[in-house]
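Small disclaimer: the values here were computed from a predicted structure and weren't measured.
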Amino acid sequence: MGSMSPVFSPDQNHLLAALPGADFDRLAGALDPVAMPLGEVLYEPGSALAHVYFPTTAIVSLHYVMATGASAETAGVGNEGVVGISTFMGGNTTPSSAVVQTAGHGYRLPARLIK
């Protein structure tokens with residue numbers, strides 16, 4: 001018996017699944033499936049956001065880095081959300097870092113397409 005590999009689909013992310021068909025169809029061709037290994041840094045504070053990420057099986061922690069260098073987790077994003085929300089709000093950078101807390105998979109989309 002051969003091994004079966006898991007199937008991943010954008011509709012495993014609740015935000016992508018909730019999009020009206022026409023809106024999803026406009027984005028579908030640009031969604032890139034990505035592995036999200038434990039500890040991977042998706043972005044650093046002040047860095048330009050090239051992509052937004054829609055986790056499907058991964059969980060990403062957002063950390064606010066203070067002037068002292070200490071950081072505090074401000075949010076966790078799983079299959080219910082998106083990482084890179086500041087792009088939706090008109091920003092090109094973010095004050096937080098995003099680090100994969102639980103390994104899994106997701107989809108990334110060029111930030112320019114979300115604007």
Shared hydrophobic cluster, Val41 / Val83 (ILVMFWY, side-chain heavy atoms < 4.5 Å)
no

Using the rule that two of Ile, Leu, Val, Met, Phe, Trp, Tyr join whenever any of their side-chain heavy atoms come within less than 4.5 Å, decide whether Val52 and Val99 are in one cluster.
no

Counting N and O atoms only, with roles assigned by atom type, does the side chain of [X] sit under 3.5 Å from a partner on the main chain of [Y], one being a donor and the other an acceptor?
X	Y	value
Asn13	Gly81	yes
Ser61	Gln101	no
Glu80	Gly78	yes

Can a donor-acceptor pair be found between the side chains of Ser97 and Glu44 at a distance below 3.5 Å?
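Side-chain D/A pair, Ser97 to Glu44: absent.
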
Quick one: does Pro33's side chain get under 4.5 Å of Phe8's, heavy atoms only?
no

Hey, are the side chains of Tyr43 and Leu62 touching, using non-hydrogen atoms and a 4.5 Å cut-off?
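Answer yes - side chains close enough.
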
Rounded to the nearest 0.5 Å, what separation is found between the CG atom of Asp32 and the CZ atom of Phe54?
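With rounding to 0.5 Å, CG (Asp32) is 12.5 Å from CZ (Phe54).
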
Stepwise, does the side chain to side chain contact (heavy atoms under 4.5 Å, CB included) test hold for Thr57 with Asn79?
CA-CA 6 Å; Thr57 59; Asn79 69 342; over 6 Å; no

From Ile59, Thr56, Val100, residue fulfilling side-chain contact (heavy atoms from CB on, under 4.5 Å) relative to Met36
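Running side-chain contact (heavy atoms from CB on, under 4.5 Å) over Ile59, Thr56, Val100 with Met36 returns exactly one hit, Val100.
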
Please assess Leu19 against Asp25 for the test side chain to side chain contact (heavy atoms under 4.5 Å, CB included), listing each intermediate value before the final yes or no.
CA-CA 9 Å; Leu19 288 174; Asp25 290 344; over 6 Å; no

Show your working on side chain to side chain contact (heavy atoms under 4.5 Å, CB included) between Val60 and Tyr53 and close with a plain yes or no.
CA-CA 9 Å; Val60 179; Tyr53 295 84; 6.0 Å; no

